[in-house]
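Take a look at the structure set out below.
If you read the sequence from its start, that first residue is 1, and numbering goes on from there.
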Amino acid sequence: MKYQRTILMFIFLVTTTVLIYWPSLFNGYLNWDDTTHYLENPYLHPLNFHNFLNIFSTDVNQTYIPLTELSFAIENFIFGYNPLVSHLINIFLHAGVTGLVFLCALAMGFTLPAAGLASLLFGIHPMHVESVTWVTGRKDVLYAFFYLFSLLWYLRWFHTGKQYYYTFSLLSGILSILAKPMALSLPLVLLVCDLYLKRKWSWRILWEKLPYFFYTIPIAGMTYFLNSRVVDFQWPQSVMTWFWCFIFYLRKFLFPGELNPLYSLPQPVAWTNVEYTIAMLLMIIAVGVWWKNRTNKIFNFAFLFYFGSIFFLLRLDNTADVHIVADRFMYLASFGICLLAADTAIKVYNRTAVKSLSRKMAFMLGGSIIAMLILLTVRQQFTWRDSVTLWSVVLNKNPASFLALTNRANAHLQRKNSDLAIADLEYSLRVNPTQALAFYNLVTTEKPSTLLVDDG
């Protein structure tokens with residue numbers, strides 16, 4: 001009977017996730033990296049051995065993601081350029097990741113209700129919309145899919161001692177980092193998992209992780225060297241920026257009402273700016289709460305999983321990165337937080353009397369939060385409907401964004417709306433007159449040239 005309930009819960013979670021993301025099936029391709037990664041990638045079409053070698057020997061936007069590119073090539077070979085199919089694949093992958101969250105939670109000893117709620121929170125959270133509804137976000141859902149498979153096989157190896165599960169974990173990890181370099185955190189997270197499982201410390205634990213380090217470091221290193229630069233470290237601005245980034249993701253996950261495809265670092269970077277004062281105070285509180293609850297294995301796992309997953313993306317400056325922060329960077333990093341939130345909610349609910357008013361109020365509050373998250377997720381999908389809509393949302397929050405102005409102008413040109421394009425380009429010239437690209441586009445409106453940037 002328990003096995004049947006597990007299967008029914010898994011089906012419910014996967015189906016619910018797919019249905020919630022159904023509106024994104026009507027979205028199109030965007031002139032923000034979809035072009036570079038897919039539509040104009042010379043190695044994706046035709047699908048032959050020569051291009052297969054090119055996919056695995058070249059980078060895209062200075063990022064080594066051959067498995068993601070191969071998925072695009074196979075998709076194009078079977079279906080051609082079809083945005084509905086591209087979005088459907090992303091949705092199915094996200095549903096698969098949601099199901100894996102459920103299975104990993106069960107393997108970690110969570111109860112069926114707690115595992116189900118954790119998976120539901122992951123599947124419906126608005127911060128994940130960017131990774132799912134942006135075709136280029138394929139690398140996020142694809143790497144997370146194999147990442148959690150690696151974690152699941154590792155947990156099963158620990159519980160059963162069967163060596164082939166360890167082998168499956170290694171192979172899944174390789175596929176994960178070939179989809180996106182962020183899988184570099186996998187061996188560190190497995191160490192966090194050992195801590196959660198209360199494994200007795202020994203050199204064997206490190207020895208088990210060596211094969212993961214052997215392939216994650218060189219593969220991720222390709223992307224690192226392509227993007228390596230000297231960090232413009234300035235005291236205390238760099239420290240404030242790092243703290244702000246660390247807290248940003250937690251704040252947005254807890255309060256996801258205002259999401260933006262392109263965030264800006266609050267200015268000025270100084271203690272007089274309330275944003276950094278709040279971030280510093282929240283950072284102290286977060287570390288203090290973790291230290292107080294460090295013996296709570298679920299809380300400890302959630303905090304360390306988040307830190308281990310997001311650490312490589314915490315910035316010290318804003319001189320070279322288009323994205324100081326981005327919603328998609330929280331995609332997999334939220335796994336542990338979902339586990340903690342679900343476990344806490346179920347424990348609070350179970351501690352109240354069966355027929356008490358408190359239990360009814362807890363149930364209503366939980367249902368209201370879930371309903372709100374679903375509504376926000378559905379609404380956020382429309383931000384990624386098309387290029388004009390996307391950049392209009394960015395400009396509503398940052399009217400002086402040169403990137404948004406230029407790319408919306410190109411989107412208008414593609415729609416043959418030259419007047420709207422010229423208006424955007426003229427304003428972009430006033431915003432940043434040194435950018436020759438805007439002037440070039442302005443005087444050659446018959447030949448749009450999209451400004452593309454690395455999406456991270």
Side-chain angles (χ1 to χ4, degrees), residues 5-25 90-106 108 110-133 140-141 144 148 249-259 298-299 302 305-306 327-328 330-384:
R5 290 200 301 268
T6 301
I7 293 177
L8 289 175
M9 178 68 80
F10 182 88
I11 294 173
F12 166 77
L13 293 167
V14 170
T15 303
T16 300
T17 302
V18 171
L19 291 176
I20 288 172
Y21 276 91
W22 203 256
S24 68
L25 288 178
N90 278 20
I91 292 171
F92 283 160
L93 282 170
H94 177 58
V97 174
T98 301
L100 285 168
V101 171
F102 174 66
L103 295 178
C104 285
L106 290 178
M108 293 172 67
F110 281 66
T111 64
L112 186 64
L117 181 57
S119 179
L120 182 64
L121 287 173
F122 187 93
I124 66 174
H125 200 281
M127 278 196 85
H128 298 162
V129 170
E130 181 173 312
S131 297
V132 182
T133 59
D140 293 303
V141 289
L148 288 183
Y249 295 105
L250 297 177
R251 289 170 60 183
K252 282 296 179 182
F253 189 83
L254 294 175
F255 305 102
E258 292 296 328
L259 301 178
I298 296 177
F299 191 96
F305 188 99
Y306 166 72
D327 290 344
R328 63 186 175 280
M330 189 60 173
Y331 183 73
L332 185 58
S334 65
F335 169 69
I337 299 175
C338 289
L339 295 181
L340 176 62
D343 180 74
T344 303
I346 295 299
K347 285 180 178 176
V348 170
Y349 180 78
N350 289 337
R351 287 172 183 170
T352 58
V354 175
K355 296 184 179 180
S356 69
L357 179 62
S358 297
R359 173 166 283 199
K360 293 179 182 178
M361 292 180 63
F363 184 81
M364 291 177 62
L365 177 62
S368 298
I369 292 174
I370 290 173
M372 179 189 68
L373 291 175
I374 291 174
L375 289 174
L376 289 174
T377 293
V378 172
R379 185 189 71 173
Q380 187 65 15
Q381 291 175 55
F382 292 97
T383 295
W384 301 84

Just wondering, do [Y] and [X] contact through their side chains at under 4.5 Å, heavy atoms?
{"X": "N90", "Y": "T133", "result": "no"}
{"X": "L103", "Y": "L148", "result": "no"}
{"X": "I337", "Y": "L254", "result": "no"}
{"X": "Y349", "Y": "P113", "result": "no"}
{"X": "T6", "Y": "L106", "result": "yes"}

Atom CE of M361 with >12 non-hydrogen neighbours under 6.0 angstrom: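 For M361, atom CE is not crowded (no more than 12 foreign heavy atoms under 6.0 Å).
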Holding to ring-ring contact (aromatic ring centres under 6.0 Å, His included), I want the full list of residues that pass it with Y249, two or more places apart in sequence or in another chain. none
By ring-ring contact (aromatic ring centres under 6.0 Å, His included), which residues pair with Y331, not counting sequence neighbours?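 Partners of Y331 under the ring-ring contact (aromatic ring centres under 6.0 Å, His included) test: H94, F122, H128.
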Over all atoms of both residues, closest heavy-atom pair of [X] and [Y]:
{"X": "Q381", "Y": "W22", "value": "OE1-N, 4.4 Å"}
{"X": "M330", "Y": "M127", "value": "CB-CE, 3.6 Å"}
{"X": "V132", "Y": "V141", "value": "CG2-CG1, 4.1 Å"}
{"X": "F305", "Y": "L332", "value": "CE2-O, 3.2 Å"}
{"X": "P126", "Y": "L259", "value": "O-CD1, 3.5 Å"}

Going by side chain to side chain contact (heavy atoms under 4.5 Å, CB included), name the residues that satisfy it together with [X], two or more places apart in sequence or in a different chain.
{"X": "A302", "result": "L340"}
{"X": "A105", "result": "F110, A115, L339"}
{"X": "R379", "result": "L376"}
{"X": "I370", "result": "L117, L120, I124, I374"}

Could you state the interatomic distance from CD (Q380) to NE2 (H125), rounded to the nearest 0.5 Å? 11.5 Å
CZ-SG distance between F253 and C338, expressed to the nearest 0.5 angstrom: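 One gets 3.5 Å once the value is rounded to the nearest 0.5 Å.
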Holding to side-chain hydrogen bond (donor to acceptor under 3.5 Å, both in side chains), I want the full list of residues that pass it with [X], two or more places apart in sequence or in another chain.
{"X": "T98", "value": "none"}
{"X": "Y21", "value": "none"}
{"X": "E130", "value": "R328"}

Could you give all pairs that pass the salt bridge (Lys or Arg N to Asp or Glu O under 4.0 Å) test and reach residues 332-341, with sequence neighbours left out? none
For D327, check salt bridge (Lys or Arg N to Asp or Glu O under 4.0 Å) against everything at least two apart and list the hits.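 With sequence neighbours excluded, D327 shows a salt bridge (Lys or Arg N to Asp or Glu O under 4.0 Å) to no residue whatsoever.
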Identify every side-chain donor-acceptor pair in residues 9-18 under 3.5 Å, counting partners at least two apart or on other chains, and give the distances.
| from | atom 1 | to | atom 2 | distance (Å) |
| --- | --- | --- | --- | --- |
| T15 | OG1 | I11 | O | 2.7 |
| T16 | OG1 | F12 | O | 2.7 |
| T17 | OG1 | L13 | O | 2.8 |

Does K347 form a side chain to side chain contact (heavy atoms under 4.5 Å, CB included) with T344? I'd like the steps, not just the answer. CA-CA 5 Å; K347 285 180 178 176; T344 303; 5.9 Å; no
